[in-house]
Amino acid sequence: MSEIDDRFPPIGSYGFLSDCHTAALVSFAGSVEWLCMPRFDSPSAFAALLDRGAGHLTLRPRGVIVPISRRYEPGTLVIETTWVTDTGWVVVHDALTIAEWVTADGKGARPETDHESDRSLLRTMTCIDGEVEMEMECLPRFGYGLEGATWSGGELGEAVATADGTELRLTSDMELTLDGGAASGTLKLRENESGFCAVTWGEGGLGGPRSSPEALERLDSTEEFWRAWLRHGSFPDHPWRIHLQRSALVLKGLTYTPTGAIVAAPTTSLPETPGGERNWDYRFSWIRDSTFSLWALHTLGFDEEARDYMRFIVQVCKDHPDLQIMYGIGGEKKLTEQTLDHLDGYGGAKPVRIGNGAYDQRQNDVWGSLLDSVYLHEKALKGKGEPADRQLIRYQVEAAIDAWPSPDQGIWESRGEPQHYVSSKLMIWVAVDRGVRMARGLGFDEIADEWQAKADEFHAEILERGVRDGIFRQHYETDALDASLLLIPLLRFLPPDDPRLRATVDAIADDLTEHGLVLRYRVKETDDGLHGKEGTFLICSFWLVSALSEIGECERARELCERLLEAAGWLDLFAEELEADSGRHLGNFPQAFTHLALINAVSHVIADEEREDGGVTAVFSEMGGVRGGG
């Protein structure tokens, strides 16, 4: 088999696999081009996603590069690819397998959230008509492409690749050839015949399958895991239900089972600008995502995942009371950033980064995100969960109050000078406001009154210094707009009929968009410490859907939401950004925050359709999960 195509596939064309420990990305041409092991944030074994020579695992019919169809098996994170050749048809299934899992009651109910993975990437192939000759090439390059593999074995379809203590085991029913750092094989299949290949890592576990029937059995078990999990969600009977279910599967797939942490994305350094420098490592868990994550999980009925994620958030806060904006998926604090200069980057976009230098930035929105998520979690479970730690709540509210006078880097992690960003001020108000609500609920009226006075003071300052000409601005010293201001109606800072709120939403829709899609900000108006342009941010466009719904612009909200859903990647996945001119997906992929914002936006639109009184949206009370009003 020749080397993989030098051209990079479109970001939006990749398929996403997960076993809730790590992830893989598979190109439409049948090449696994991203796999880190054993965790999402571990070094890669396959990284052709970031450099065409950095490792891949390719499986496809001889002489064919483009399949005839590709989809997820319904209700799963298992990809089905159908190929047609001059001699026959073959169907390939790809999965990170989950062969041994148990249910909560042992009787076929929802799977437990703390399941183990096989530590195995499985690819099966079945000829459904005629005959097809399949080709496989496994060329790992460990340590983000630095270390070539030394192979041993090869007999009976088993071989081991090693480099500097790292080991990858290949099993297959193909006849293997080991040469030049690669293991390759061929297999001719006739109608109704099947074959497989699998790579496995780590100690313990089942190891790779030894036969095609065993491989198909593991595939069936993995599909059943995903379907059993999904059917315990709560989804409306609506044409857009499929988008909610796919987004729910993405969020589950981005969850690191041992801790409950949710990674922002499984990739690093996919560029926000083609060929540009805005390339970041997103394989960490952001506190900022917590509010939308908890809201989405509870709204869709996945309370156990919400509990696991909340435990992760609360634990890192207890271990390290002085909040960071992000943590490693095991709760790590230090996420030192470095560049991998030996990698050419996706489409030549350099540098490639691992780690994230923003981890120790000052971002004053973290307290609001944390305390809003605690508040929503307690509200959703209505006393059935673990009570929020009172000392944690008090410490974080007081920390938010102390932070009020200080500027920060803002929600977008600007690498320019700190400013008094309105969205950061808003989130400090949220922290104190939610603290007031929880304190009153616990009967601590005296401290609630004290905090309420602070919340009122902060509210007044935001309206005095953050609004000019009746429109909210990016920060106190500018007239620039910022898409983060769309959170104002979602966080109930002002009633939805307030003219300043409506004017801000309309201004962003009119003046901060390209072809109707929302930018974070105008880069020429914002000192973010970087160069080059960027695409429209999908989370911001979905926020606009929700904000339009909140102010009663239901038809505009639906039209924009419909357009965004049609812009999904090839397998209904979303990256961080969309290039407005071309519709290309940009940035890390798939992006948790985008799918979280999608769930919120679609929920708003469906709630608008189902509401008969013509009043304002109250999604928390209308979509299940979170009940009792917004």
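Computed from a predicted structure; not experimentally measured.
Checked against ring pair (Phe, Tyr, Trp, His ring centres under 6.0 Å), Trp286 has the following partners two or more places apart in sequence or in another chain: Tyr282. With sequence neighbours excluded, the residues forming a ring pair (Phe, Tyr, Trp, His ring centres under 6.0 Å) with His238 are Trp240, listed by chain and number. With sequence neighbours left out, the ring pair (Phe, Tyr, Trp, His ring centres under 6.0 Å) criterion links Tyr476 to His420. Qualifying salt bridge (Lys or Arg N to Asp or Glu O under 4.0 Å) partners for Arg502, counting only residues two or more places apart in sequence or in other chains: Glu553. Residues satisfying the salt bridge (Lys or Arg N to Asp or Glu O under 4.0 Å) test with Arg465, not counting sequence neighbours, are Glu461, Glu477. In terms of the ring pair (Phe, Tyr, Trp, His ring centres under 6.0 Å) criterion, residue partners of Phe542 (sequence neighbours excluded) are, by chain and number, Phe574.
Contact check on Arg584 versus Glu579 returns a salt bridge, with a Lys/Arg side-chain nitrogen under 4.0 Å from an Asp/Glu carboxylate oxygen. Note on Lys454 versus Glu398: no salt bridge recorded, every NZ/NE/NH1/NH2 to OD/OE distance being 4.0 Å or above. A salt bridge links Asp506 to Arg556: at least one charged side-chain nitrogen sits closer than 4.0 Å to a carboxylate oxygen. Salt bridge status for Glu277 with Lys350: absent, with no side-chain N to carboxylate O gap under 4.0 Å. For Asp479 and Arg468, the salt-bridge test passes: some basic side-chain N is under 4.0 Å from an acidic carboxylate O. Between Asp372 and Arg492, none of the side-chain N atoms (NZ, or NE/NH1/NH2) sits under 4.0 Å from a carboxylate O, so this pair counts as no salt bridge.
Ring-plane geometry between Phe493 and His459 is classed as parallel, the angle between the planes falling under 30 degrees on a 0 to 90 degree scale with a further cut at 60.
Looking only at atom types and distance, the side chain of Trp451 has no donor-acceptor partner in the side chain of Asp433 under 3.5 Å away. Side-chain polar atoms of Tyr14 and Glu33 form a donor-acceptor pair below 3.5 angstrom. Side-chain contact annotation: Asp608 with His604, donor-acceptor N/O pair under 3.5 Å absent.
Ser424 pairs in a side-chain hydrogen bond (donor to acceptor under 3.5 Å, both in side chains) with only one of the listed residues (Asp408, Asp365, Asn364), which is Asp408.
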Evaluate the criterion side chain to side chain donor-acceptor pair (under 3.5 Å) for residue pair Glu577 and His585; output intermediate values, then yes/no.
CA-CA 6 Å; Glu577 299 183 24; His585 285 247; over 6 Å; no
Test log, rule salt bridge (Lys or Arg N to Asp or Glu O under 4.0 Å), inputs Glu378 and Arg437:
CA-CA 11 Å; Glu378 292 293 305; Arg437 299 185 192 200; over 6 Å; no
For Arg246 and Tyr72, what are the C-alpha separation, side-chain angles and deciding distance, and is it a side chain to side chain donor-acceptor pair (under 3.5 Å)?
CA-CA 9 Å; Arg246 180 53 52 198; Tyr72 280 107; 5.2 Å; no
For Arg288 and Gln363, what are the C-alpha separation, side-chain angles and deciding distance, and is it a side chain to side chain donor-acceptor pair (under 3.5 Å)?
CA-CA 10 Å; Arg288 177 184 307 122; Gln363 292 182 25; 2.3 Å; yes
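At a threshold of 4.5 Å between non-hydrogen side-chain atoms, the residues Trp570 and Pro10 count as touching.
Geometrically, Arg283 does not engage Phe40 in a cation-pi contact defined by less than 6.0 Å to the ring centre and at most 45° from the axis.
By the neighbour-count criterion of 12 heavy atoms within 6.0 Å, atom CD1 of Ile242 is sparsely surrounded, having that number or fewer from other residues, nucleotides or ligands.
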